[in-house]
Structure formats: C-alpha cells, structure tokens
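These notes are about the structure you will find just below.
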Amino acid sequence: MKLKRDFYLQDCVKVARDLLGKVFVHETKEGIAKGIIVETEAYNGAIDKASHSYKYKRTKRTEIQFGLGGYAYVYFIYGMHFNINIVTGIEGEPQGVLIRGIQPTYGIDLMKERRKTDNLINLTNGPAKLCQAMGITKEQYGMDLCNSNLYIEEGISIEDKDVDITKRINIDYAAEDKDRLWRFSIKDNPFVSIKVKS
DNA sequence: CGATAGATATCT
DNA sequence: GATATCTATCGA
C-alpha cells in the first residue's frame, strides 16, 4: 500500500524522521526491488545553504521541489552519480529528504546484478549506491510516488531510542548550516552509510 | 585507515 | 569556468 499524499506534505525534518523503517519500492520491467529506509537527511531550501534551492532558488533542476510533496527529485552529481530526494511540504516550499541508506528486502539478486557485486552491505549503504541498486536514474526525475511504479509503503516502526540524530554528510560548503542536526539513521544498522561516533 | 582520482550536468 | 547531498581504489 503506497503512502498517501498527506504524509509528504509535512515538514521535511518530520518526514525524514518518519521515513525510517518504511519501505522504498521500485517496480521495473527487470523486476521489483525493495528496501527498508535506514538513513535520511532533510533539506529545507527556504533557510538551508546546503539545499540546491536555498533562498527559494528556482531553476530547471530544482523546479520539482516547489511543487507538492511526494515527487522524486533525482539529480546527477560529481560527474558520475545519481542521488534521490523525496520532495516534501506544500506547494511553493522547496524541501526534500535525501535517501542515504536502505536495507534490501526484495529483489536482491537484481540489485547485485545492477551493482556488479555480491557484497550485501555494499549494495545500498550510500545514496549513489542505492540509486544504482534500485535502478534510479534521471528517468525517474519528477515521478509521483503516489501514482507510479516508484513509491514508498509502510514498513516497521522505529522507536525514538533506536534513532541516531547527527549532522549531515558532505556539505562543508554550507557554512553554519552544516551543523544542523537533520540526519536521521537507525542505530547500529549496517546499511547506514557513515557511522558517526556519539 | 586516509588520500585522491574519476567525469560531467548544472549554474555563474 | 567552477563545482558538486559521492564512490572506488590505491598505498601505508
């Protein structure tokens, strides 16, 4: 059962927290791939220098962030990698949640084939890795998670005591905003991309 | 471990 | 023309 639009219309920080434990699904003609979301980061364009849409900067690339929540924001980075964000918030508010780590639960052979590795942990413990494993490319830019073959469904419930809240990764260019505690991950899960000592 | 090469769409 | 919400690989 796909999550409904309402879920995505909330603030990006809340959605980032609540996405932990939910199941990310991509159905393609090659097969279905699923994984439990174990690591996320929130980006709020209105106030956050780390966001592509900082100060409501609106370009062809960030356009999708300005619409309703529940759409996929996929972009190409460092000349060779894709990352996927889930757009959140109401129309006009550019926000997103970066998916940084998932735990594969279905279609593992397909993921291994796409990633060219047999190492289970190495399949999806990073934002560009999980995009490759899930078969996400520029093609998925702007897809509606409420009405397409790319979506999120209910999963397991994660208690607050099992959630690590830390600084976000690789945003040193973002000045003081790099210290915001907007990264959420499931404690001691091996598919979390980078461990941060507490 | 830490350092660095890798390669290009996107914005200035 | 500079840079990026990163990853793989190499050397110690």
Side-chain angles (χ1 to χ4, degrees), chain A residues 8 11-17 19-20 24 35 37-66 69 71-89 93-102 104 111-143 145 150 152 164-186 190-197:
Chain A
Y8 300 107
D11 183 79
C12 57
V13 176
K14 180 167 196 322
V15 176
R17 160 65 181 88
L19 275 176
L20 293 180
F24 188 41
I37 297 173
V38 302
E39 182 184 357
T40 62
E41 287 179 6
Y43 288 81
N44 185 335
I47 58 172
D48 178 12
K49 287 180 182 160
S51 171
H52 293 153
S53 51
Y54 177 51
K55 285 201 286 196
Y56 295 91
K57 188 167 80 164
R58 191 164 188 153
T59 65
K60 191 177 177 190
R61 183 174 62 153
T62 62
E63 184 67 29
I64 193 73
Q65 296 188 22
F66 288 81
Y71 290 82
Y73 172 46
V74 181
Y75 60 90
F76 191 56
I77 192 68
Y78 294 123
M80 48 183 73
H81 302 299
F82 291 103
N83 281 9
I84 182 165
N85 283 233
I86 310 302
V87 176
T88 72
E93 286 298 321
Q95 302 183 0
V97 175
L98 171 67
I99 309 294
R100 289 192 56 88
I102 66 173
M111 295 189 194
K112 285 179 174 173
E113 190 179 321
R114 283 172 172 155
R115 292 271 303 129
K116 310 286 183 215
T117 176
D118 275 333
N119 182 336
L120 184 65
I121 300 293
N122 196 244
L123 237 35
T124 53
N125 64 337
K129 296 180 190 179
L130 73 87
C131 280
Q132 194 181 0
M134 296 289 291
I136 290 167
T137 68
K138 191 117 185 121
E139 299 286 300
Q140 276 69 42
Y141 178 93
M143 283 185 78
L145 304 191
L150 179 69
I152 295 171
D164 271 334
I165 302 179
T166 60
K167 294 178 188 176
R168 292 171 292 171
I169 305 297
N170 282 337
I171 53 163
D172 290 344
Y173 58 87
E176 71 277 8
D177 284 319
K178 74 179 168 52
D179 291 328
R180 291 183 186 278
L181 295 174
W182 281 359
R183 175 171 181 248
F184 301 86
S185 57
I186 297 179
F191 295 91
V192 174
S193 62
I194 297 175
K195 310 295 188 260
V196 179
K197 52 180 160 229

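Here is how names work: the chains are called A, B, and so on, in the same order as the sequence lines, proteins then strands, and each is numbered from 1.
Within the shown strands, nothing qualifies as a pairing partner of B:dA7 under the Watson-Crick or G-U definition with both distances less than 3.5 Å. Pair assignment for C:dG11: B:dC1, on the basis of Watson-Crick or G-U wobble contacts that are both within less than 3.5 Å.
As rounded to whole Å, 17 Å separates atom C1' of C:dA4 from atom NZ of A:K178. What separates CG of A:N119 from P of C:dT9 is a distance of 12 Å, to the nearest Å. The CG atom of A:N85 sits 10 Å away from the P atom of C:dT5 (whole-angstrom rounding). Going from atom CD1 of A:I169 over to atom P of C:dT7 covers 11 Å, rounded to whole Å. Spacing between atom CG of A:D172 and atom P of C:dT3 amounts to 14 Å, rounded to whole angstrom units. In this structure, CZ of A:F82 is placed 13 Å from P of C:dT7, rounded to the nearest angstrom. Atom-to-atom, OH of A:Y73 to C1' of C:dT5 comes out at 9 Å; the value is rounded to the nearest Å. Rounded to whole Å, the distance from CD1 on A:I77 to P on B:dG6 is 18 Å.
Looking at heavy atoms from C-beta onward, A:I37 lies in side-chain contact with A:I152 at the 4.5 angstrom threshold. In this structure, A:L123 and A:K112 have side chains that are in contact, with non-hydrogen atoms separated by less than 4.5 Å.
Under 3.5 Å, the side chain of A:Y78 and the base of B:dT8 form no donor-acceptor pair of N or O atoms.
Nearest-nucleotide assignment on DNA chain C puts the 5′-proximal partner with A:F76, out of A:N125 and A:F76. Taking the nucleotide of DNA chain B with the nearest heavy atom to each of A:R61 and A:H81, the more 5' of the two is matched to A:H81. Projected onto DNA chain B by closest heavy-atom contact, A:G79 and A:K138 fall at different nucleotides, the more 5' of which corresponds to A:G79.
For A:R115, a side-chain nitrogen or oxygen approaches OP1 or OP2 of C:dA8 to under 4.0 Å. Neither OP1 nor OP2 of C:dT5 sits under 4.0 Å from any side-chain N or O of A:R183. The side chain of A:K57 places an N or O atom within less than 4.0 Å of a non-bridging phosphate oxygen (OP1 or OP2) of B:dT12. For C:dT5, the OP1/OP2 oxygens have no side-chain nitrogen or oxygen of A:N170 closer than 4.0 Å. Here A:K129 reaches the OP1 or OP2 of C:dA8: one of its side-chain N or O atoms lies under 4.0 Å away.
Remark: ring of A:Y43 overlaps the six-membered base ring of C:dT5 in a stacked fashion, centroids less than 5.5 Å apart, planes less than 30° apart.
In A:E113, the CD atom is not crowded: 12 or fewer heavy atoms of neighbouring residues, nucleotides or ligands sit closer than 6.0 Å.
Contact check on A:R180 versus A:D177 returns a salt bridge, with a Lys/Arg side-chain nitrogen under 4.0 Å from an Asp/Glu carboxylate oxygen.
A:S51 comes within contact range of at least one nucleobase, with a heavy-atom separation under 4.0 Å. Across all strands, A:R168 comes closer than 4.0 Å to no nucleic acid atom at all (heavy-atom distances). Residue A:A50 is in base contact, counting any heavy-atom pair closer than 4.0 Å across all strands shown.
With C:dC6, B:dA7, B:dC11 as the candidates, the nucleotide lying closest to the side chain of A:T59 is B:dC11. Closest contact between the side chain of A:M80 and the listed nucleotides C:dC6, B:dG6, C:dT5 involves B:dG6. The side chain of A:Q65 approaches C:dT5 more closely than any other nucleotide in the set C:dT5, C:dT7, B:dC11.
Of the residues listed (A:Y75, A:F66, A:Y43), the one engaging A:H52 in a ring pair (Phe, Tyr, Trp, His ring centres under 6.0 Å) is A:Y75, and it is the only one.
The side-chain tip of A:K138 points at the ring of A:Y141 from less than 6.0 angstrom away and within 45° of straight on.
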